[in-house]
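Take a look at the structure set out below.
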Amino acid sequence: MNKAMRTEAEGRLPTYRVQLVPFPAVIDADGLLVANSHVVEIVFPGDRVETALGPVNTIVGPGTAKILVGETTIRGVPLC
């Protein structure tokens with residue numbers, strides 16, 4: 001595993017969140033935009049449910065993001 005790839009749960013990184021509106025952006029604990037950061041990927045846990053018209057994909061929980069801050073990749077960042 002690349003040393004630059006970490007999760008916030010490891011506790012070694014500042015707390016970040018991903019704000020979706022008006023555009024996907026990385027923000028810090030004070031709600032300020034984080035310089036030199038990018039949202040790489042947003043993932044929502046899903047499941048297939050059966051309907052009268054067949055199986056449909058549905059979101060079953062809160063989403064998380066993978067971000068870059070400088071050259072560090074951080075996974076599991078919560079959305080707000």
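All figures in this text were calculated on a predicted structure; none of them were measured in a lab.
Counting Ile, Leu, Val, Met, Phe, Trp and Tyr side chains that sit under 4.5 Å apart, directly or through other members, Val60 stands alone, with no cluster partners. Grouped with Phe23 in a hydrophobic cluster is no other residue, since no side-chain heavy-atom contact under 4.5 Å to another Ile, Leu, Val, Met, Phe, Trp or Tyr is found.
Remark: Asp30 engages no residue in a side chain to side chain donor-acceptor pair (under 3.5 Å) (not counting sequence neighbours). Listed by chain and residue number, Tyr16, Val26, Asp28, Ser37, Val69 satisfy the side chain to side chain contact (heavy atoms under 4.5 Å, CB included) test with Val34 (two or more places apart in sequence, or in another chain). For Ile27, the side chain to side chain contact (heavy atoms under 4.5 Å, CB included) partners two or more places apart in sequence, or in a different chain, are Arg17, Gln19, Leu33, Cys80.
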Review item, side-chain donor-acceptor pairs of residues 42-53, under 3.5 Å, at least two apart:
residue: Arg48; atom: NH1; partner: Asn57; partner atom: OD1; Å: 3.3
residue: Thr51; atom: OG1; partner: Leu53; partner atom: N; Å: 3.2
residue: Thr51; atom: OG1; partner: Gly54; partner atom: N; Å: 3.3
residue: Thr51; atom: OG1; partner: Gly54; partner atom: O; Å: 2.6

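Contact record, Leu79 with Gly63: CG-O, 3.5 Å, taken as the closest heavy-atom pair.
Under a hydrophobic clustering in which Ile, Leu, Val, Met, Phe, Trp and Tyr are joined whenever their side-chain heavy atoms come within less than 4.5 Å, directly or via other members, Val39 and Leu68 fall into different clusters.
Looking at heavy atoms from C-beta onward, Thr64 lies out of side-chain contact with Arg75 at the 4.5 angstrom threshold.
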Under the criterion side-chain contact (heavy atoms from CB on, under 4.5 Å), I'd like the reasoning laid out for Val18 against Ile67: C-alpha separation, chi angles, the key distance, then a yes or no.
CA-CA 8 Å; Val18 171; Ile67 65 172; 3.6 Å; yes
